[in-house]
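Worksheet for the structure shown next.
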Amino acid sequence: MNTLLLDVLDGKQVERPPIWLMRQAGRILPQYRKVRAGMGSFVDLVKNPEKAAEVTIQPVDELGVDAAILFSDILVIPECMGLEYHLVKNKGPVFPKTINDPGDIDQLIHGEIATKNLGYVYNTIGEIKNRLDRVPLIGFSGAPWTLFCYMLEGEGSKTFSKARRFLYQHPEASHKLMDKLAVSVAEYLKSQLENGVDCVQIFDSWAGMLGQDLYKEFGIKYIEQILSTLPTGTRTIVFSKGASSSFGELLNLDCKALGFDWSYRPSEINSVVKGRKVVQGNLDPCVLYGDEKTIKEKTLQLLTSFDEKHIVNLGHGVYPDTPLDGVKTFVNTVKSYRY
Ligand code: 1CP
């Protein structure tokens with residue numbers, strides 16, 4: 001087994017950094033589009049352990065990345081708590097029912113009672129582990145704030161102003177919902193670990209929508225709560241996109257690695273992190289649209305900017321129309337690099 005990712009997270013020396021890509025399983029791969037076309041809906045695919053395992057493994061075969069990430073979605077948490085979602089073509093996720101007032105929060109189930117409905121995810125992990133022993137498997141969840149965004153808005157948004165407005169109008173109810181989410185996410189991640197994932201990433205994709213004070217009160221606090229309930233020694237990666245104003249607070253989280261988007265300069269990351277965390281990131285996903293020479297140059301620049309506590313990744317998920325050749329150039333450049 002290629003243990004590069006686990007070795008870096010465990011603080012061991014490696015000959016080169018591991019690489020995986022956020023959103024590597026999915027629409028960039030023709031193999032994925034074929035499986036997806038044969039399924040009724042995205043949610044059907046997520047709930048089918050056999051097929052979800054298949055698309056989890058596809059990028060390991062096709063791209064040669066150093067880790068697999070469980071094929072699922074962050075939105076399974078709102079669903080198991082009582083808000084179902086659909087995926088609408090050319091639009092994204094849509095929730096027919098949303099949280100509109102504090103009373104709606106009391107209706108939601110949470111914790112183990114909710115996450116026990118996610119047996120299909122745990123079965124997918126078992127299926128992947130039966131078929132894949134070449135590289136580690138990353139489990140994941142959305143962070144409470146990002147899940148809160150979808151539960152309030154009912155869909156993606158440019159401003160998430162309904163979600164942000166609710167924090168000011170109903171702070172107590174907001175804390176209640178964040179706590180319900182944090183308890184559920186912690187249970188969910190614990191179950192993923194019990195079923196065999198080797199490490200977990202918490203995605204806070206919309207962290208950058210909140211200013212420093214609100215992110216501290218409603219975002220970081222609940223990531224901290226989740227991390228504090230995971231078994232000691234769990235390999236954890238926290239990715240808070242756009243949260244550079246909270247850099248100092250993120251650094252105090254009890255996690256093994258922090259993910260960075262491409263707005264950070266590597267020298268700035270190094271000077272603040274000072275080896276206290278493994279650093280994951282942070283190539284601009286748009287570099288992969290460049291020609292081969294540009295991709296190689298930018299990748300080498302990234303590789304030489306960080307020391308040996310680095311997991312190579314993009315600064316956010318790979319965009320669906322990224323040329324596969326560009327992705328492969330990125331991966332192969334990293335794989336032939338040596339410290
Ligand atoms: O077939 C399709 O068209 C479905 C597109 C798709 C896929 C492939 C969605 C809908 N989700 C997924 C899988 C997924 N989602 C994975 C596993 C695959 C992998 O990473 O390799 C993961 C980790 C996610 C996580 C996820 N879902 C996030 C956090 C990461 C990020 O990119 O910031 C978010 C915000 C979502 C919500 C979501 N689900 C799907 C879409 C298109 C979105 C984003 C919507 C928006 O922009 O608001």
Side-chain angles (χ1 to χ4, degrees), residues 19-48 51-60 62-63 65 67-79 83 85-95 121 124-125 128 135 137-160 162-163 185 188-189 192 197 199-209 237-243 259-262 280-281 285 313-322 327:
I19 176 166
W20 68 282
L21 280 78
M22 290 188 274
R23 311 299 290 267
Q24 66 188 21
R27 292 168 297 177
I28 54 164
L29 294 178
Q31 298 92 318
Y32 168 79
R33 292 196 290 266
K34 203 169 148 204
V35 173
R36 173 79 174 79
M39 303 295 297
S41 71
F42 174 75
V43 178
D44 292 341
L45 174 53
V46 166
K47 292 189 173 177
N48 183 322
K51 293 289 176 197
E54 186 182 335
V55 298
T56 298
I57 298 168
Q58 284 172 349
V60 180
E62 179 68 28
L63 308 172
V65 282
I69 177 158
L70 169 69
F71 186 84
S72 185
D73 200 88
I74 61 167
L75 303 176
V76 301
I77 286 288
E79 180 180 54
L83 299 184
Y85 72 102
H86 309 290
L87 205 76
V88 177
K89 211 174 169 195
N90 301 326
K91 183 172 162 102
V94 172
F95 288 78
V121 180
T124 299
I125 294 168
I128 298 165
V135 294
L137 176 63
I138 304 167
F140 71 92
S141 173
W145 161 245
T146 289
L147 298 174
F148 181 100
C149 283
Y150 287 101
M151 294 168 90
L152 272 288
E153 301 277 343
E155 59 188 32
S157 162
K158 283 202 170 70
T159 58
F160 290 101
K162 268 190 217 162
V185 168
Y188 180 47
L189 291 178
Q192 289 187 30
V197 304
C199 64
V200 292
Q201 172 156 321
I202 297 174
F203 284 93
D204 212 352
S205 304
W206 310 128
M209 292 289 165
I237 308 170
V238 173
F239 174 57
S240 290
K241 185 174 179 292
F260 293 90
D261 62 69
W262 65 94
Q280 177 173 280
N313 209 313
L314 300 173
H316 196 196
V318 60
Y319 300 128
D321 63 351
T322 307
V327 179

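Note that ligands are numbered from 1 as they come in the structure, with each ligand's atoms numbered from 1 the same way. Below, all heavy atoms of this structure are taken into account, side chains as well, without hydrogens, waters or symmetry copies.
Close approach of ligand 1 to Gly156 (heavy-atom distance below 4.0 Å) involves ligand atoms 48 (O). For ligand 1, the atoms closer than 4.0 angstrom to any heavy atom of Leu70 are 17 (C). Atoms of ligand 1 found under 4.0 Å from any heavy atom of Ser205, numbered from 1 in the order shown, are 29 (C), 30 (C), 31 (C), 33 (O), 35 (C). Which parts of ligand 1 touch Arg27 is read off a 4.0 Å heavy-atom cut-off, strictly below it: atoms 2 (C), 3 (O), 5 (C).
Of the listed options Tyr32, Phe203, Tyr150, Tyr150 places a heavy atom closest to atom 35 (C) of ligand 1. Nearest to atom 7 (C) of ligand 1 by heavy atom, out of Phe239, Tyr85, Phe42, is Phe42. Scanning Phe71, Phe140, Phe160 for the heavy atom closest to atom 22 (C) of ligand 1 points to Phe140. Taking each of Asp73, Asp261, Val318 in turn, the one with a heavy atom nearest to atom 37 (C) of ligand 1 proves to be Asp73. Checking Pro93, Ala37, Ala25 against atom 43 (C) of ligand 1, the nearest heavy atom belongs to Pro93. Looking at Gly26, Ala143, Ser41, Ser72, it is Ser72 that brings a heavy atom closest to atom 13 (C) of ligand 1.
Within the 4.5 Å cutoff, the side chain of Phe203 has no heavy atoms near those of the Lys241 side chain. A heavy-atom distance below 4.5 Å is not found between the side chains of Phe239 and Asn313.
The shortest heavy-atom distance from His316 to ligand 1 is under 4.0 Å.
Using modelled atom types, no side-chain atom of Thr124 and backbone atom of Ala53 make a donor-acceptor pair closer than 3.5 Å. Within the 3.5 Å criterion, the main-chain N or O of Asp204 finds no donor-acceptor partner in the side chain of Ser240. Of the possible donor and acceptor atoms, one in the side chain of Glu153 sits under 3.5 Å from a partner among the backbone N and O of Ala163.
Residue Ser157 has no nitrogen or oxygen atom sitting less than 3.5 Å from a nitrogen or oxygen atom of ligand 1, judged on distance alone.
In Pro320, neither the side chain nor the backbone holds a heavy atom less than 4.0 Å from any atom of ligand 1. At a 4.0 Å heavy-atom cut-off, ligand 1 does not touch Glu155 at all. Contacts of Arg36 with ligand 1, taken as heavy-atom pairs under 4.0 Å, involve the side chain alone.
Note: Tyr150 and Tyr85 fail the aromatic proximity criterion, with ring centroids not under 6.0 Å apart.
Scanning all protein heavy atoms for the shortest distance to atom 32 (O) of ligand 1 gives Arg23 NH1, 2.6 Å.
Exactly one of Thr322, Val65, Leu29 qualifies for a side-chain contact (heavy atoms from CB on, under 4.5 Å) with Val327. That residue is Thr322. Partner of Gln31 under the side-chain hydrogen bond (donor to acceptor under 3.5 Å, both in side chains) criterion, out of Glu54, Glu62, Gln58, Arg36: Glu62 alone.
Nearest heavy-atom pair across Ala67 and Val60 is O-CG2, 4.2 Å. Ile74 approaches Ser141 most closely through the heavy-atom pair CG2-C, 4.0 Å.
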